[in-house]
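Each remark here refers to the structure printed beneath this line.
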Amino acid sequence: MLLNAVIITLREVLEASLIISVFLALSQLLERKLSWLLLAMFVGAVGGFVYGQNLGAVSMAWDGMGQELVNAGLHLLIFLSLLVFMISVPHQHKKRWRIVTLLATITAVVVAITREGSEIILYFSGAMSIPNMLLPVLIGSIVGAGIGISVGIYFYYLLINMRLKYGMWLGYLFLLLVAGSMISQAIEFLIQADFIHAGKPLWDSSILISERSVIGQLLYALVGYEATPAPIQVVAYVSSITIIAIATVISYQFRIPPHDD
């Protein structure tokens with residue numbers, strides 16, 4: 001049970017930690033105020049608590065597929081926020097684009113914390129109903145959360161200690177991979193809800209890297225690693241990354257030189 005608690009908590013904390021750390025680093029590189037982070041984290045924590053407390057009712061909606069459909073929607077919203085962020089960054093000399101960038105950032109952080117926080121709350125609620133499980137779950141969760149937060153801190157300092165140009169592009173790369181992961185997970189939830197037919201897995205890499213290992217969880221959070229991905233997940237992952245990459249390049253190509261608003 002201790003190991004399960006470590007893996008489950010690590011999986012949930014790591015995704016939110018990576019998104020927060022990359023956005024925090026990019027905001028600092030763009031010389032933006034960081035007070036938005038506290039607001040976004042607070043709103044996300046409240047959202048996670050409310051969502052977690054109402055997961056039972058949500059799960060019963062839409063013929064018992066409510067949780068899967070809502071989670072798919074949340075992942076899609078994070079993807080769209082990342083897309084808007086990466087398109088808007090080249091135009092930061094315009095006030096309206098700076099506002100768009102900030103709103104996209106806040107949305108992504110709030111939704112990420114809401115999504116992952118609700119899962120942790122649900123897991124703890126189940127553990128608290130069994131007294132013998134509470135201590136190992138608590139210890140495992142602390143260890144898992146510590147690892148997830150530590151990885152986020154590492155990525156943050158990695159980005160802010162690079163030259164501006166390289167830090168921005170590496171941050172872009174991280175967000176690009178996270179965006180693909182969000183779409184892949186959204187497709188996975190839609191498969192679970194029987195909205196999409198999965199088909200046979202394209203491959204099985206669990207022998208090389210288990211999804212339940214620490215490395216597997218890190219890859220899951222960063223690149224959406226699946227040991228047995230469905231064909232449509234792979235297509236959606238590649239397509240989403242391609243769309244964001246092309247949109248970002250076009251945005252840079254058509255940016256207007258800085259001038260007063």
Side-chain angles (χ1 to χ4, degrees), residues 7-23 44 47-48 51-52 55 58-59 62 65-86 104 107-123 144 148 151-152 173-199 201-206 209-245:
I7 296 299
I8 291 173
T9 307
L10 173 62
R11 183 187 187 110
E12 306 304 336
V13 170
L14 195 53
E15 279 193 3
S17 178
L18 284 174
I19 292 175
I20 292 171
S21 63
V22 173
F23 271 128
Y51 184 33
L55 271 178
V58 172
S59 299
W62 293 295
M65 298 298 175
Q67 185 178 353
E68 287 78 7
L69 295 178
V70 171
N71 286 342
L74 292 177
H75 282 85
L76 180 59
L77 184 55
I78 295 175
F79 169 81
L80 293 175
S81 300
L82 297 179
L83 174 61
V84 171
F85 176 86
M86 296 179 74
T107 300
V109 171
V110 168
V111 175
I113 295 178
T114 297
R115 164 73 184 97
E116 312 307 338
S118 65
E119 293 293 332
I120 294 176
I121 291 173
L122 179 64
Y123 181 63
V151 172
L173 176 60
F174 286 153
L175 292 183
L176 194 66
L177 296 175
V178 170
S181 173
M182 293 297 104
I183 289 296
S184 177
Q185 292 180 54
I187 295 296
E188 183 180 3
F189 281 117
L190 292 176
I191 290 173
Q192 294 174 9
D194 292 329
F195 269 63
I196 297 177
H197 177 65
L202 285 181
W203 62 73
D204 185 354
S205 57
S206 56
I209 302 177
S210 171
E211 292 181 13
R212 295 186 59 80
S213 66
V214 174
I215 295 177
Q217 293 302 309
L218 176 60
L219 292 175
Y220 177 85
L222 184 59
V223 300
Y225 172 72
E226 291 281 350
T228 56
I232 191 170
Q233 282 183 278
V234 176
V235 172
Y237 183 88
V238 174
S239 299
S240 62
I241 287 180
T242 302
I243 290 172
I244 288 191

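A quick note: this is a predicted structure, and the numbers were derived from the prediction, not measured. Side-chain atoms are counted along with the backbone in the values below, which use heavy atoms only and exclude waters and symmetry mates.
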Requested in this report: Rounded to the nearest 0.5 Å, what's the gap from CD1 on Ile20 to CD on Glu15? Could you check?
Outcome: 11.5 Å
Report task. State the CG-CG distance between Leu14 and Leu219, to the nearest 0.5 angstrom. Result -> 9.5 Å
**Report entry** Nearest heavy-atom neighbours spanning Val84 and Ala104
**Finding:** CG1-CB, 4.0 Å
Query raised in the report: Residues two or more places apart in sequence or in another chain: which of them pass side-chain hydrogen bond (donor to acceptor under 3.5 Å, both in side chains) with Ser181?
Result: Gln185
Requested in this report: Might you point out which heavy atoms bring Thr107 and Ser81 nearest each other, and give the distance in Å?
Outcome: CG2-OG, 3.2 Å
**Report entry** Results of side-chain hydrogen bond (donor to acceptor under 3.5 Å, both in side chains) for Ser206 - residues two or more places apart only
**Finding:** Asp204
Query raised in the report: When rounded to the nearest 0.5 angstrom, what is the spacing between CE in Met65 and CG in Asp194?
Result: 5.0 Å
**Report entry** Spacing of CD belonging to Glu68 relative to OG belonging to Ser59, to within rounding of 0.5 Å
**Finding:** 6.5 Å
Query raised in the report: Within a strict 4.5 Å, meaning less than it, do heavy atoms of the Ile183 and His75 side chains meet?
Result: no
Query raised in the report: Where is the tightest heavy-atom contact between Ala236 and Ile187, given as atom of each residue plus distance?
Result: CB-CG1, 3.8 Å
Query - Residue list, salt bridge (Lys or Arg N to Asp or Glu O under 4.0 Å) with Glu119, at least two apart or on another chain - result: Arg115
Requested in this report: Taking the side chain as every heavy atom from C-beta outward, state whether Phe195 and Leu69 have any pair of such atoms under 4.5 Å apart.
Outcome: yes
Query raised in the report: So Phe23 and Phe85, would you call those rings parallel, tilted or perpendicular, with 30° and 60° as cut-offs?
Result: perpendicular
Requested in this report: State, with a plain yes or no, whether a side-chain heavy atom of Ile19 is found less than 4.5 Å away from one of Phe174.
Outcome: no
Query raised in the report: Are there more than 12 heavy atoms of other residues, nucleotides or ligands under 6.0 Å from atom CD1 of Ile215?
Result: no
Report summary line: Closest non-hydrogen contact found for Ile78 with Ala108 is CG1-O, 4.3 Å
Report task. Give, for atom CG of Asn71 and atom CG of Leu76, the distance between the pair rounded to the nearest 0.5 Å. Result -> 12.5 Å
**Report entry** Side chain proximity check, Ile191 to Ile232, heavy atoms < 4.5 angstrom
**Finding:** yes
Query raised in the report: Taking all non-hydrogen atoms of both residues, which atom of Leu10 and which atom of Gly148 are closest, and how far apart?
Result: CD1-N, 3.6 Å
Requested in this report: Would you indicate whether the side-chain heavy atoms of Tyr51 and Ile121 approach each other to under 4.5 Å?
Outcome: no
Query raised in the report: Is there a side-chain contact between Val13 and Ile120 (heavy atoms, below 4.5 Å)?
Result: yes
Report summary line: Sequence neighbours excluded, the answer for side-chain hydrogen bond (donor to acceptor under 3.5 Å, both in side chains) partners of Gln233 is Ser184
Query raised in the report: Any side-chain heavy atom of Val22 sitting closer than 4.5 Å to one from Val178?
Result: no
Query raised in the report: Does the side chain of Thr114 come within less than 4.5 Å of Val110's, by heavy atoms?
Result: yes
**Report entry** From CG (Leu175) to CE (Met182), nearest 0.5 Å
**Finding:** 11.0 Å
Contacts under 3.5 angstrom, residues 224-231 side chains, donor-acceptor by atom type, not counting sequence neighbours:
from, atom 1, to, atom 2, distance (Å)
Tyr225, OH, Ser205, O, 3.3
Tyr225, OH, Ser205, OG, 2.7
Tyr225, OH, Ile209, O, 2.6

Requested in this report: Would you please name every residue forming a side-chain hydrogen bond (donor to acceptor under 3.5 Å, both in side chains) with Thr9, sequence neighbours left out?
Outcome: Ser141
Requested in this report: Determine the minimum heavy-atom distance between Gly152 and Ser21, stating which atoms define it.
Outcome: O-CB, 3.0 Å
